[in-house]
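I have placed the structure first, in the form of C-alpha cells, so that the comments after it can refer back to it.
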Protein chains: 2
Amino acid sequence: MNPLEIPEIVIRRLPLYLRALKRMTEEGQSVTSSQEMASRLGISATQIRKDLSYFGEFGKQGTGYDTAFLRAQLEAILQVSKHWKVAVVGAGDLGCAVLRYSQFEDGGFIVAAVFDRDSQKIGRQVGHYQVLDVARLSAVVEEQGIRIAILAVPAEEAQAVANSLVEAGVKGILSYAPVPLELPADIQVHYIDPVIGLQGMTYYLSPS
Amino acid sequence: MNPLEIPEIVIRRLPLYLRALKRMTEEGQSVTSSQEMASRLGISATQIRKDLSYFGEFGKQGTGYDTAFLRAQLEAILQVSKHWKVAVVGAGDLGCAVLRYSQFEDGGFIVAAVFDRDSQKIGRQVGHYQVLDVARLSAVVEEQGIRIAILAVPAEEAQAVANSLVEAGVKGILSYAPVPLELPADIQVHYIDPVIGLQGMTYYLSPS
DNA sequence: TAGATTGTTAATCGATTAACAATC
DNA sequence: TAGATTGTTAATCGATTAACAATC
C-alpha cells in the first residue's frame, strides 16, 4: 500500500492514538481494545480499526491490542522512535514557554538551537539553551542538519523567517504566528493559534 | 436556515476569513474577492463563497466583498464583536505566555482572572494580573459571569479543573493539557497540543 | 456593453459507519 | 464451545468542486 494514498486526516489521528497508548503503557496496562480507545478519545471504534488497518494488522481477534506493541508500531509509522532536532525561532514569552515544555522530549523532539534577533536576548540563557543570533540561523540549521522548526516570532517576521528556514533545509514548521505562510508544497506546516480556536467556540455559545 | 445545520467545519474556517479581513482593513484595502482570499489562505474560492452563503449574501457580483462590511458580518456571526471574559487556569510558563499574548484582545477576548494552586504563585503579579488561588475559581467565575476558560495546568490536574470550571458555568474551554477531557456534550472544547502537531508532520518527512 | 465575480446547483469526491465473516 | 474483538467490505453520509445563470 502506497503511503501517499493514506488520507492526511488518518495521519493526523495517529498521534492521538499514540498518546493514549503511551499513557496506558505507563500505567501498566498491557492490553486494550478499539472500544476502549474509542471511549477515551471520543472517536468511533470502527474508525480506529480502519485507521490502523492502513498500516497493518496489529491486533488479535477476541483480545484486542498489545499496548506496548501498538505503541511501538505507531512510533515507527510516525517516525518518532528516535528524536528529531528542532530549532526554535523567537525567544519571547512564547518561545521560552516552548523551551521549558517537557512534552516535546517525550514526543520525540529535542530542541537543538534557539534564535532571536533582539540583541537584548542574544547570549542569554533560557532553560538549558543559549539564545543565538538569528543571523546565524542558516549556518546552524545546516551544520546540525535540523529539519524541523518552531516559529514563535511576530506575524510580520514570520514569512521572512520561514523562508530562511526552508532555504536552510527545514522541511517542517510549526508556526505560532497568526498568519498563513506561503511556502513550497513539499514543506509541512502546522499552525497553532489559540485565538482561532476560541473564535470557533464562541459561535456556539449563547450570547452573554 | 437553522444555525444547527451549519457544518462545524465551516464554522472553523470563519475565523481564518475574519483574520484575513482584519489584516486587509488595517492595511486600508476596502474591497476583496473570494479569489484573493483564496490565494492568501490556501482555500478554494468556491469553498469560501459556499461557506459565506450559509449566512447570507455579503458580496456584489462583478466587484467582490467590502472588507469592512464582511469583517463586521463575520464578527457578528462568530459573536466576537464584543469581548468575552476569559479565565486562565495555571500560571506556569504557558499560562504566563498566554497572559502576555496581545492577540487575545484583538480577537475578542479579555483575561478577567488568573488562577493557580501553587502558594508560591498566588498573589504574584503577572502582566496586569494578580494570580488568584484556584480555590476561589468557582466563586470568581460565577461572580464575574465568565463563560470561557483557558486551561494551562498539568495533564493530571486538567480533568478536575475542567470539571470545576463547567460546574461554575464555563461553556467553552481551550485546553493546552495533553489529555482528552470528558465533559458534557454541550461544552465546547478545543485542544492545543504542539506535540500532536509535530508528530503529524514527521510522518511525511524522509528519515534523517 | 464587456468583464468580472457572486451565489447556488448538481456532480464528484472522500470519509465515516454499519455489518459481518474470521478467528483468537 | 461461547464470547469477544479484529480487519474489511459495502453502504451511507457529508464535504468539496465544477459549472453557470444572475448581475454588478
Side-chain angles (χ1 to χ4, degrees), chain A residues 1-17 20-21 24 29-74 77 185 200 203, chain B residues 1-17 20-21 24 29-74 77 185 200 203:
Chain A
M1 183 163 305
N2 189 332
L4 293 176
E5 295 170 12
I6 296 169
E8 187 185 323
I9 197 164
V10 171
I11 302 299
R12 294 264 169 218
R13 280 191 293 261
L14 299 187
L16 299 173
Y17 304 160
L21 289 160
M24 288 175 187
Q29 183 181 341
S30 61
V31 172
T32 186
S33 66
S34 60
Q35 188 54 245
E36 185 189 29
M37 294 184 68
S39 87
R40 281 209 192 202
L41 295 169
I43 292 176
S44 80
T46 304
Q47 182 158 82
I48 293 173
R49 295 202 302 278
K50 182 106 209 286
D51 286 352
L52 295 176
S53 77
Y54 281 101
F55 304 95
E57 307 191 356
F58 304 121
K60 268 206 188 70
Q61 283 103 325
T63 309
Y65 302 90
D66 180 291
T67 53
F69 174 73
L70 185 54
R71 171 185 172 167
Q73 293 295 313
L74 288 178
I77 291 164
Y203 172 81
Chain B
M1 182 163 304
N2 189 332
L4 293 176
E5 294 169 11
I6 297 168
E8 187 184 321
I9 197 164
V10 171
I11 302 298
R12 294 263 170 221
R13 280 191 292 261
L14 299 187
L16 300 172
Y17 304 159
L21 288 160
M24 288 175 186
Q29 184 181 339
S30 61
V31 172
T32 187
S33 66
S34 59
Q35 189 54 246
E36 185 189 28
M37 293 184 69
S39 88
R40 282 209 190 200
L41 295 169
I43 292 177
S44 81
T46 304
Q47 182 156 82
I48 293 172
R49 295 202 301 278
K50 182 102 210 286
D51 286 352
L52 296 176
S53 76
Y54 280 100
F55 303 95
E57 307 191 356
F58 304 120
K60 267 205 188 71
Q61 282 104 324
T63 311
Y65 302 90
D66 179 291
T67 54
F69 174 73
L70 185 54
R71 170 185 172 169
Q73 293 296 313
L74 289 178
I77 292 164
Y203 172 82

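As the structure is a computational prediction, the values presented were derived from the model and not from experiment. Naming convention: chains lettered A, B, ... in sequence-line order (proteins, then strands); numbering from 1 in each chain.
- Counting to the nearest Å, the P atom of dT5(D) and the CG atom of Asp66(A) are 15 Å from each other.
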request  = Fill in the dot-bracket string of DNA chain D, one character per base: . for unpaired, | for a pair to another strand, ( ) or [ ] for pairs within the strand, taking Watson-Crick or G-U pairs under 3.5 Å.
outcome  = ..||||||||||||||||||||||

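- Distance Glu5(A) CD to dA15(C) C1': 16 Å, rounded to the nearest Å.
- Side-chain contact between Leu74(A) and Leu52(A) is present, with heavy atoms from C-beta onward closer than 4.5 Å.
- At the phosphate of dA4(C), neither OP1 nor OP2 sits under 4.0 Å from any side-chain N or O atom of Tyr65(B).
- With rounding to the nearest 0.5 angstrom, the CG atom of Leu14(A) is 11.0 Å from the CD1 atom of Ile48(A).
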Please enumerate all protein N or O atoms sitting under 3.5 Å from an N or O of nucleotides 18-20 of chain D, with distances to 0.1 Å.
none

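- Among pairs with a residue in residues 45-58 of chain B, those fulfilling salt bridge (Lys or Arg N to Asp or Glu O under 4.0 Å) read Arg13(B)-Asp51(B), at least two apart in sequence or across chains.
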Under 3.5 Å, sequence neighbours excluded: what are the donor-acceptor pairs made by side chains of residues 64-72 of chain A?
residue	atom	partner	partner atom	Å
Asp66(A)	OD1	Ala68(A)	N	3.1
Asp66(A)	OD1	Phe69(A)	N	2.8
Thr67(A)	OG1	Gln29(A)	O	2.7
Thr67(A)	OG1	Ser30(A)	O	3.2
Arg71(A)	NE	Glu75(A)	OE2	3.1
Arg71(A)	NH1	Thr25(A)	OG1	2.8

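- The nearest whole Å value for the distance from the CD1 atom in Ile6(A) to the C1' atom in dT16(C) is 17 Å.
- When the P atom of dA15(D) is taken as reference, atom CD1 of Ile48(B) falls 17 Å away, rounded to whole Å.
- At a threshold of 4.0 angstrom between heavy atoms, the contacts of Leu52(A) with the nucleic acid are absent.
- Regarding Phe58(B), its CZ atom lies at a distance of 13 Å from the C1' atom of dT6(C), rounded to whole Å.
- Computed from coordinates, the Asp51(B) CG to dG14(D) P distance equals 17 Å when rounded to whole Å.
- Rounded to an integer number of Å, the gap from CD of Gln47(A) to P of dG7(D) is 15 Å.
- Of the residues in residues 30-44 of chain B, those placing a heavy atom less than 4.0 Å from an atom of DNA chain D are Ser44(B), in numerical order.
- What you find for Ala20(A) and Leu41(A) is that their closest heavy atoms are CB-CD2, 4.3 Å.
- In this structure, Ile9(A) places its CD1 atom 19 Å from P of dC13(C), rounding to the nearest Å.
- Between Ser44(B) and Ala38(B), the shortest heavy-atom contact is C-CB, 3.8 Å.
- Interatomic distance, CZ of Arg40(A) versus CG of Leu21(A), reported as 9.0 Å (0.5 Å rounding).
- Within a 6.0 Å radius of CD in Glu36(A), other residues, nucleotides and ligands contribute more than 12 heavy atoms.
- The OH atom of Tyr17(B) sits 16.0 Å away from the CD atom of Gln73(B) when rounded to the nearest 0.5 Å.
- Closest to the Glu57(B) side chain, of the nucleotides dG7(C), dA15(C), dT17(D), is dG7(C).
- What you find for Gly200(B) and Pro15(A) is that their closest heavy atoms are N-CG, 3.9 Å.
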Got a list of protein N/O to nucleotides 21-24 of chain D N/O distances below 3.5 Å?
residue	atom	partner	partner atom	Å
dT23(D)	O4'	Gln61(B)	NE2	3.3
dC24(D)	O4'	Gln61(B)	O	3.3
dC24(D)	O2	Gln61(B)	O	3.4

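- Here the side chains of Phe55(B) and Ile6(B) are in contact, with some heavy-atom distance below 4.5 Å.
- By the 4.5 Å heavy-atom criterion applied to side chains, Met37(B) and Ile43(B) are not counted as neighbours.
- To the nearest 0.5 Å, the span separating CD1 on Ile77(A) from CD1 on Ile11(A) amounts to 8.0 Å.
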